[in-house]
K.L.:
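Okay, handing you the structure first.
On a predicted model such as this, the values are computed, not experimentally measured, just so you know. Index from 1, following the sequence.
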Amino acid sequence: MEHTPPVRYSIAPLSPEAHLFEVRCTVADPEPEGQQFALPAWIPGSYLVRDFARHVVAIDAARGRRPVVLEKLDKHTWRAAPAAGPLTVRVEVYAWDLSVRGAHLDTTHGFFNGSCVFLRPLGREDRRCELEILPPKGGGKSGARYRYWRVATAMHREGAKPYGFGAYVAADYDELIDHPVEMGEFALARFRAGGVPHDIVVTGRHRADTARLARDLRRLCEHQIRLFGKPAPMDHYVFLVRAVGEGYGGLEHRASSALLCSRDDLPQPGMKAATQSYRGFLGLASHEYFHAWNIKRIKPAAFVPYDLARENYTRLLWLFEGFTSYYDDLALVRSGLITRDQYLEILGRNITSHLRTPGRRRQTLADSSFDAWTKYYRPDENTPNAVVSYYVKGSLVALCLDLLIRDRTRDRGRGRRSLDDVMRSLWRRHGLRGIGVAEGDFERLAQEVTGLGTGLRRFFDTALRSTRELPLKALLATHGIAMALRPAESSSDKGGKKAAGEAAALARRPALGVRTRAEGKDLVVTHVLDGGAAQAAGLAAGDVIAAIDGIRARGLDSGPDPVLDQRKAGDEIVLHAFRRDELLVLRARLRASPRDTCVLSLKSTMLAVPLRRWLGA
């Protein structure tokens with residue numbers, strides 16, 4: 001059998017102070033007519049063409065010491081002149097993107113996703129990839145500045161010591177770019193879940209109680225492994241956590257997740273009850289961990305394989321992101337990390353977020369998934385009016401589907417079913433077998449697993465392909481939960497809790513129908529919502545509201561404006577606003593605050609058993 005030579009890579013922090021990585025890619029047997037190399041245009045898990053090649057600041061090729069001409073073919077593709085022997089392309093990549101999607105390097109740490117730095121040798125992507133991760137040089141005698149740097153990644157070691165620089169290996173290019181790497185000084189905590197070792201790597205300045213973090217994440221991971229069934233789909237998992245002053249984000253990978261959080265989101269020493277911000281961090285970690293099954297291995301057919309040069313369209317992101325968003329918080333309550341009441345509060349806030357999105361009346365969930373590349377990931381001032389979130393609405397569709405299945409199979413004895421059964425079948429039929437999920441596959445599988453035919457078909461038509469409202473109130477009631485809607489107390493009222501003020505006062509509170517932000521002493525309009533008083537008056541995004549009824553306006557997002565607080569629905573107010581450098585005088589007739597703030601509460605203890613089966617609490 002003919003031996004196929006591997007593709008060899010190396011990456012080194014060439015100049016941390018200038019934020020430059022040096023990356024080399026060597027192909028032993030380049031294409032005779034000229035080997036082509038390309039850098040991905042996007043990173044799986046984040047559905048936006050990001051053109052990573054724009055960060056290439058230098059590129060050259062050589063055969064041994066002899067230079068080889070490189071021709072640029074398009075924005076991210078190069079072709080080398082024909083070369084008979086091993087061909088090496090060297091790239092300098094600028095790395096100053098402190099996000100979970102990019103690459104970042106300075107004198108304190110280095111982080112990269114392979115999509116941002118590793119050239120793809122076209123026609124050689126299915127070959128074994130050997131990677132050498134090199135330490136930075138300089139910083140005093142023998143690199144003293146970097147002498148305590150270590151490496152954290154889920155990539156398999158091929159000679160490198162644990163957490164050390166050196167040789168690593170991946171089965172092919174797809175696996176190579178699916179193992180992000182952190183290098184620097186970091187806190188490390190370890191635990192085992194489902195028999196699999198897990199690492200928590202925390203970089204940045206923080207005072208996190210890593211022992212508690214390990215205990216909590218262990219419970220979470222154990223639960224999710226039990227949900228899908230042993231064995232876990234990875235033999236080692238790494239949470240790569242970057243703590244900053246303010247930040248939030250996560251990106252899933254096959255055996256790791258990159259998480260960005262505020263340092264105060266992490267558990268602090270001596271903390272007893274979990275704070276709201278820590279619960280948010282646990283929800284983020286839960287979301288990305290669930291993706292180890294639902295998107296990394298259970299994939300849309302459109303992603304098998306990924307086309308990294310252009311958009312990959314699918315109408316199924318509601319299943320892969322939305323259903324994951326349902327299970328992330330559900331896993332917290334089921335594993336005992338949050339209480340039932342805390343879960344209902346989170347659920348109430350999610351419903352509130354959905355109801356405050358006028359775009360839910362314009363865009364279907366399937367279309368939201370398909371248009372992610374051009375709409376969801378490119379938000380503008382009209383996004384709330386035109387787009388529905390496949391994360392938020394997708395999670396509510398999962399909720400409705402779960403409760404619908406549980407309710408309609410409740411009296412079947414051993415035939416009782418839930419969304420959990422459907423997800424496990426999806427894992428066995430598609431994830432374990434590496435078969436992509438085509439459009440319509442999940443709907444047919446749900447009907448097959450549950451035995452619910454016509455009812456589920458009608459539900460999917462409504463939930464996925466129409467803009468009709470979801471039957472949230474009726475389905476929650478089947479599990480003893482009452483759903484109530486009230487007006488918001490202020491723009492900072494996110495729902496989930498009972499109002500602090502009196503109901504009568506809330507009912508009288510008027511609404512202008514805008515979202516704003518403070519810029520110094522200016523009040524800038526960021527969004528004008530469809531059907532509101534501000535839109536009817538002619539206010540536009542970007543306008544600076546100077547005064548309301550002759551009195552200087554203050555931040556509406558920080559609470560009721562004193563002037564508006566003294567008005568009621570139907571009153572007319574005068575707005576003075578600057579559009580660019582022109583002063584406008586507008587008249588707005590205030591409207592009643594919409595009842596779009598959701599509060600959930602227990603309605604009946606007679607349904608305690610179905611509730612426990614659902615929440616496990």
K.L.:
Taking the side chain as every heavy atom from C-beta outward, state whether R242 and L259 have any atom pair closer than 4.5 Å.
P.N.:
no

K.L.:
Compute whether any side-chain donor of one residue and acceptor of the other, for S262 and D264, lie under 3.5 angstrom apart.
P.N.:
no

K.L.:
Rounded to the nearest 0.5 Å, how far does CZ of R24 lie from CD of E22?
P.N.:
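Rounded to the nearest 0.5 Å, the CD-CZ separation comes to 4.5 Å.
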
K.L.:
Would you kindly say whether T462 and R468 are connected by a side-chain donor-acceptor distance under 3.5 Å?
P.N.:
yes

K.L.:
May I ask you to decide whether E443 forms a salt bridge with R465, counting only side-chain N to carboxylate O separations under 4.0 Å?
P.N.:
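A salt bridge is present here (some side-chain N lies under 4.0 Å from a carboxylate O).
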
K.L.:
Using a strict 4.0 Å threshold on nitrogen-to-oxygen distance, state whether R458 and D461 make a salt bridge.
P.N.:
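No, no charged N to carboxylate O under 4.0 Å.
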
K.L.:
Would you say S115 and N113 are linked by a side-chain donor-acceptor pair, where the criterion is simply a distance under 3.5 Å?
P.N.:
no

K.L.:
What do you reckon, is CZ of R378 surrounded by more than 12 foreign heavy atoms closer than 6.0 Å?
P.N.:
no

K.L.:
Are any of the side-chain nitrogens in D51 or R54 under 4.0 Å away from the carboxylate oxygens of its partner?
P.N.:
no

K.L.:
Please give me the minimum heavy-atom distance between L403 and L475, naming the atom from each residue.
P.N.:
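Taking every non-hydrogen atom into account, CD1-O, 3.6 Å.
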
K.L.:
Evaluate whether atom CZ of R279 has more than 12 neighbouring non-hydrogen atoms of other residues, nucleotides or ligands under 6.0 angstrom away.
P.N.:
yes

K.L.:
Working to the nearest 0.5 Å, report the span between CD of Q447 and CD1 of I405.
P.N.:
10.0 Å

K.L.:
Show the nearest heavy-atom pair for residues G348 and C598, with the distance to one decimal.
P.N.:
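Smallest interatomic distance, heavy atoms only, reads O-CB, 3.5 Å.
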
K.L.:
Mind listing the closest non-hydrogen atom pair of G249 and V100 along with its distance?
P.N.:
O-CG1, 3.8 Å

K.L.:
Hydrogens and angles aside, do S353 and N350 bring a side-chain donor and acceptor to less than 3.5 Å of each other?
P.N.:
no

K.L.:
Does E448 come within less than 4.0 Å of R444, counting only side-chain N to carboxylate O?
P.N.:
no

K.L.:
Is L70 close to I59 at the side-chain level, that is, under 4.5 Å between some pair of heavy atoms?
P.N.:
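SC-SC contact between I59 and L70 confirmed.
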
K.L.:
May I ask you to decide whether D420 forms a salt bridge with R334, counting only side-chain N to carboxylate O separations under 4.0 Å?
P.N.:
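Salt bridge flag = yes for R334 with D420.
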
K.L.:
Without hydrogens or angle criteria, can the side chains of H236 and D199 be said to hold a donor-acceptor pair below 3.5 Å?
P.N.:
yes

K.L.:
Rounded to the nearest 0.5 Å, what separates atom CG in L401 from atom CG in L396?
P.N.:
12.5 Å

K.L.:
Salt bridge check: are E92 and R90 linked by an N-O gap of less than 4.0 Å?
P.N.:
yes

K.L.:
Between K296 and D178, is there a side-chain heavy-atom distance shorter than 4.5 Å?
P.N.:
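Side chain of D178 against side chain of K296, heavy atoms only: contact under 4.5 Å found.
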
K.L.:
Output, in order, the C-alpha distance, side-chain angles, deciding distance and verdict of side chain to side chain contact (heavy atoms under 4.5 Å, CB included) for E439 and L316.
P.N.:
CA-CA 7 Å; E439 294 181 20; L316 296 177; 4.0 Å; yes

K.L.:
Tell me, do P384 and R515 make a side-chain contact under 4.5 Å, heavy atoms counted?
P.N.:
yes

K.L.:
Could you label the plane-to-plane angle of the W42 and Y306 rings as parallel, tilted or perpendicular, counting under 30° as parallel and over 60° as perpendicular?
P.N.:
perpendicular

K.L.:
Measure across A285 and L220 and return the closest heavy-atom pair with its distance rounded to 0.1 Å.
P.N.:
C-CD2, 4.4 Å

K.L.:
Under 3.5 Å, is there a donor-acceptor pair linking the side chains of T357 and R361?
P.N.:
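There is no such pair (donor and acceptor under 3.5 Å, judged by atom type) between the side chains of T357 and R361.
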
K.L.:
What about the rings of H198 and Y289, do their centers lie closer together than 6.0 Å?
P.N.:
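Here the rings of Y289 and H198 have centres that are less than 6.0 Å from each other.
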
K.L.:
Under the ring-ring contact (aromatic ring centres under 6.0 Å, His included) rule, collect the residues that match up with F281, sequence neighbours excluded.
P.N.:
none

K.L.:
If you measure from OG on S257 to CZ on F239, what distance do you get to the nearest 0.5 Å?
P.N.:
5.0 Å

K.L.:
So that I can tick it off, tell me whether D530 and R362 are bridged by a salt bridge, with the cut-off set at under 4.0 angstrom between side-chain N and carboxylate O.
P.N.:
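Result for this pair is yes, salt bridge flagged.
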
K.L.:
Would you say the ring centers of H104 and H109 fall short of 6.0 Å from each other?
P.N.:
yes

K.L.:
Do Y326 and F290 make the cut of ring centroids closer than 6.0 angstrom?
P.N.:
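No, the ring centres sit 6.0 Å or more apart.
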
K.L.:
For side chain to side chain contact (heavy atoms under 4.5 Å, CB included), just list the numbers for R424 and L227, CA-CA rounded to whole Å, side-chain angles, deciding distance to a tenth of an Å, and then say yes or no.
P.N.:
CA-CA 7 Å; R424 281 189 284 267; L227 175 66; 3.7 Å; yes

K.L.:
Hey, would you say the Y47 and F303 ring centroids sit under 6.0 Å apart?
P.N.:
yes

K.L.:
Would E125 and R127 pass as an ion pair if we require N to O under 4.0 Å?
P.N.:
no

K.L.:
Does R124 pair with E31 as a salt bridge, N-O distance under 4.0 Å?
P.N.:
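Yes, this pair counts.
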
K.L.:
Looking only at side chains, do T374 and D371 share a donor and an acceptor under 3.5 Å apart?
P.N.:
no

K.L.:
Applying the ring-ring contact (aromatic ring centres under 6.0 Å, His included) criterion to W318, which one of Y376, F370, F323 satisfies it?
P.N.:
F323

K.L.:
Once rounded to the nearest 0.5 Å, what's the spacing between atom CG of L119 and atom OH of Y9?
P.N.:
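One gets 7.0 Å once the value is rounded to the nearest 0.5 Å.
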
K.L.:
Looking only at side chains, do Q224 and S286 share a donor and an acceptor under 3.5 Å apart?
P.N.:
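Judged by distance alone, the side chains do pair up.
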
K.L.:
Do D216 and Y278 get their side chains close enough for a donor-acceptor pair, meaning under 3.5 Å?
P.N.:
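Looking only at side-chain atoms, Y278 and D216 do form a donor-acceptor pair, the distance falling under 3.5 Å.
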
K.L.:
Indicate the ring-plane relationship of W614 and Y343, choosing parallel, tilted or perpendicular according to the 30° and 60° boundaries.
P.N.:
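The arrangement is perpendicular - the two ring planes meet at more than 60°.
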
K.L.:
Compute the centroid of each ring, for F320 and then for Y390, and state whether the two points are separated by less than 6.0 Å.
P.N.:
no

K.L.:
If you take all heavy atoms of A154 and A255, which pair is closest and at what distance?
P.N.:
CB-O, 3.4 Å

K.L.:
Do the ring planes of H291 and H287 sit parallel (below 30°), tilted (30 to 60°) or perpendicular (above 60°)?
P.N.:
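Rings of H291 and H287: perpendicular, as their planes differ by over 60°.
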
